[in-house]
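So the structure is just underneath, and the comments pick up after that.
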Amino acid sequence: MHLLVCGGSGCHASANGDIAKALNEALQLSGLNDEIQVVTTGCFGFCEKGPIVKVLPDNTFYVEVQPEDAEIIVQEHIIKGRKVEKLLYKDPEKDEKISDSAKMDFYKKQIRIALRNCGVINPENIDEYIAREGYQALGKVLGELGDQKTIETMKQSGLRGRGGGGFPTGLKWQFANTNQSDEKYVVCNADEGDPGAFMDRSILEGDPHSVIEAMTINGYAIGANLGLVYIRAEYPLAIKRLKKALEQAKEYGLLGKDVMGSGFDFDIQLRYGAGAFVCGEETALIHSMEGQRGEPTVKPPYPAESGFRGKPTNVNNVETFANIPVIINKGADWFAKIGNKKSTGTKVFALAGKVNNVGLIEVPMGTTLREVIFDIGGGIKDGKKFKAVQTGGPSGGCLTEKHLDTPIDYDNLIEAGSMMGSGGMIVMDEDDCMVSVAKFYLDFTVEESCGKCTPCRVGNKRLYEILHKITEGKGEPEDLDKLRNLSSVIKETSLCGLGQTSPNPVVSTMENFWEEYEQHVKEKKCAAGSCKNLMSYHIIEENCVGCTACARKCPVNCISGEKKQVHKIDQELCIKCGNCMDVCKFNAVEII
Amino acid sequence: MAKIKSLDDLKKMQSDLQSKINIREQGENPESHVQIKVAMATCGIASGAKEIMDFLINATGKRNLDVVVTQTGCMGYCHSEPTIEVNRPGEDPVIYGDVDVKKADEILEKHVKRGELVDGIIPVTHKTIDETK
C-alpha cells in the first residue's frame, strides 16, 4: 500500500506541520511502517482543498488533511479498511462524498501529459521516474533518432511554446540546429511571472527529471553541451528538488560527460532570477543570465542566431519541456491527435479567483472556457454570477460570457482579444469592477517595466493615472478617448512584448465592459461596488431598529443615533470599510 | 551506482523498478487487475489476517504478479477467518475461508495465475446492493 502526500508548495502552505512525518509516526506505532510506504509527491492540482493525501491501491482521495489526522487514517483506513468519511471530498452540487478521485468532476475532463508524474511519483527519487519510462526518450534520441529526426518529430507533433507566444518548438530547434557555432546553449525559462500562475513551479516541484531529460534532448538536437535553467529565487522548493534531481541524473550517467555512453556531453546549471516580470522575455532573460540588466533588446537577431554570450541559444518554457519526453516516446502522431489542428496537445492552467475549485488543471486544447470554469472549476464561489475570466496575465485580456463556449487555443484567444499566455486563469464575479481590474494589471506593469523605452515607462504610468482618476470618481468623458489613444500608441511603439501587450487589459475591458467605464465617468457609479469613492453607505430608516451594533463596530465613530432610534452615517467621516453592513442583522445598511 | 550506458540498460532498469510503483498506475483503474481483498476487521486480525496480508503483498511483488492487494472490513464470515476475496476481472468474486500462508500460496499459484478454483471456498450467502436493484 502506498500513501501519497502532496509535497507541492500550495499544500505545504495549508498544512500546519509535516503530514508525511505524522503518517510515518502513526504507522510505526501500529507496526505497519514496513508494509506501507509514505511517498511525498508533486502537486495533485486540487489546491483548493489541500493538503491532499491519496491512498493506493484503492485510490481514496483525502482532502484538507492535517498532521493530527494521520492517526485516524492509519487506525481506520489502513488497519480496518474503513474510509475516513470526514476527510473525503464532498461534491458541492450533489452533496455526496466521493472517495475515488477519478470520479470527481475536477479530474474527469483532464488529460495529464505535462503533469503526468505530478502527484504520482516521488520527485526526489529518480528510480520512480525511470520506472515510468523516464529517460527512455533520451535513450531513443541518442541511439536511434539522431538530431534531424528528433527535430522532425517535434515539428510533426505541432507542439507550440507553452510560455505564451506559441511559437512552434520544432522550428525554433531547427533554427538553432542550422546556425553553425563552436558553442550553443539550451535555456529553460522558469521565470514564471504572471500573477496567479504556478504551472511551471508545480512541474519543477513534482517532476524535475522530465525537464532535465527534455533539456538534454534539446541539447543533443541542436548541438549544445550546456543547459541553463533560469529560475526565480523565490521558488526555493523547486530549486531544491531540481538540484537533487541533477545530482541523481549525473550519478546515473544520464547527464554530464558521455551521456548514456553515447559520447555526448551535456551539463545543466541553474541561474537565479530576482523575480522581474520582464525577464520572462527571452532577450531580457539572456541578458540577466549574462550578468547584465534584465532589459530586452530588439529582435531580430533571435536567440537562435545570437543568444547567450552571442551564441545560438534555444529558450523553451518549463511546460514545453515537460511535454517533450512523452512526444518522443509515444510519437508525434499520438500527440498531434490531442487538441485541435493548429494547437495540439494539452495546456496546463492555474485556475484562480472566484471559482470553487482553485487549482492546477491540464486540459486538451480546444476545451471550452465553460468546461474549465464550470465543470472542472465547479462554478463560481458562493453561487454568484460569472462576469469575466482573465487569461494571459498582464499581457492578456478579459473574456466574457459570450466567449464561454469558445474552444481554448492560441488563435481563438487572440481573436477574442486575449491570449494564451503562460496559463494563468483568473475568474471574476459580479463583485469585481472591471476598471479596477484593468488598474490592477497596469499597476503591475508600471512596477515591472524595465524603463528602457519611453512608451512603456511613461505611457503605462499615464494609463494607470487615468484609470486611478476614474476609480476615484474624478473621470471625465475625454479620459476614455485618451485611454484608447494612449493604449494604441503604447502597443505600436514599445520595444518588447511587455510594452506591446501591457495595454491589453485596458483595451479588452473597454471593449467588453464599455458601459461600466461610462457609468464610472458619467454617473460616477460603480455597479460592482468596489470603487470606494463612487459609493456611500446609507441606513434605511424603515429597517433600522436602533440596536447600535453598527455604531459600536464603526472604526471612525461616524455613526450616530440613540438606542432604539434610527441611526445616521456621517458621510464626511465615513471611510467605507463596510463593517456596518456586515454587522447589521436587519438589512438596514445599503450602498448607493 | 553503475552508470546507465544504453537504452537497453534503462529498459531493464525500468522493468525492475516498475513493480515498485505499479500500484499507483493500477490505482487509476483497479477494475482491470486481479484484486485480492483481505478481511482485516477485528475478527480477521485476531485470526492472523495481517500475516496473510503481509505474505500476499510480498509474494505478489516477488513473483511479479499483476495483483492489487487491499484490505477490507469484515465480510461477515467470522466463523472462517482469515478470509480473502479474489476478484479476477470479468469473473465473479470468490471468497476463501480459513486461509493460512500455505493456502494463500496455493491460491496465488492456481487461482490467480491460472484461474483454477481451490478448496476452501465459502459459498456466497448474500446479495450485494448492486445486485438487488
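Convention: sequence-line order gives letters A, B, ...; per-chain numbering from 1.
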Query raised in the report: Between A:Asp258 and B:Lys3, does a salt bridge (charged side-chain N to carboxylate O under 4.0 Å, His left out) hold up when you go through it step by step?
Result: CA-CA 10 Å; A:Asp258 192 19; B:Lys3 303 236 171 187; over 6 Å; no
Report task. Show the numbers, then the answer: is there a side chain to side chain donor-acceptor pair (under 3.5 Å) between A:Glu133 and B:Gln14? Result -> CA-CA 7 Å; A:Glu133 283 196 339; B:Gln14 186 203 1; 4.8 Å; no
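The contact between A:Leu254 and chain B is made entirely by side chain atoms (from C-beta outward), counting heavy-atom distances below 4.5 Å. For A:Leu138, no part sits under 4.5 Å from any heavy atom of chain B, backbone or side chain. Neither the backbone nor the side chain of B:Lys37 has a heavy atom closer than 4.5 Å to any heavy atom of chain A.
More than 12 heavy atoms of other residues, nucleotides or ligands sit less than 6.0 Å from atom CD of B:Glu85. A:Glu124 CD: more than 12 foreign heavy atoms inside a 6.0 Å radius. Annotation: B:Lys12, atom NZ; neighbour count of heavy atoms from other residues, nucleotides and ligands within 6.0 Å does not exceed 12.
Of all non-hydrogen atoms in B:Leu7 and A:Gly139, the two that sit nearest each other are CD1-CA, 3.7 Å. In terms of heavy atoms, A:Met260 sits closest to B:Leu10 at CE-CD2, 3.9 Å.
Atom OH of A:Tyr135 sits about 11.0 Å away from atom CE of B:Met13, to the nearest 0.5 Å. Distance check: A:Asp127 CG to B:Leu17 CG gives 4.5 Å after rounding to the nearest 0.5 Å.
Interface check for chain A: of the options B:Asp8, B:Asp54, B:Ile57, the most heavy-atom pairs under 4.5 Å are formed by B:Asp54.
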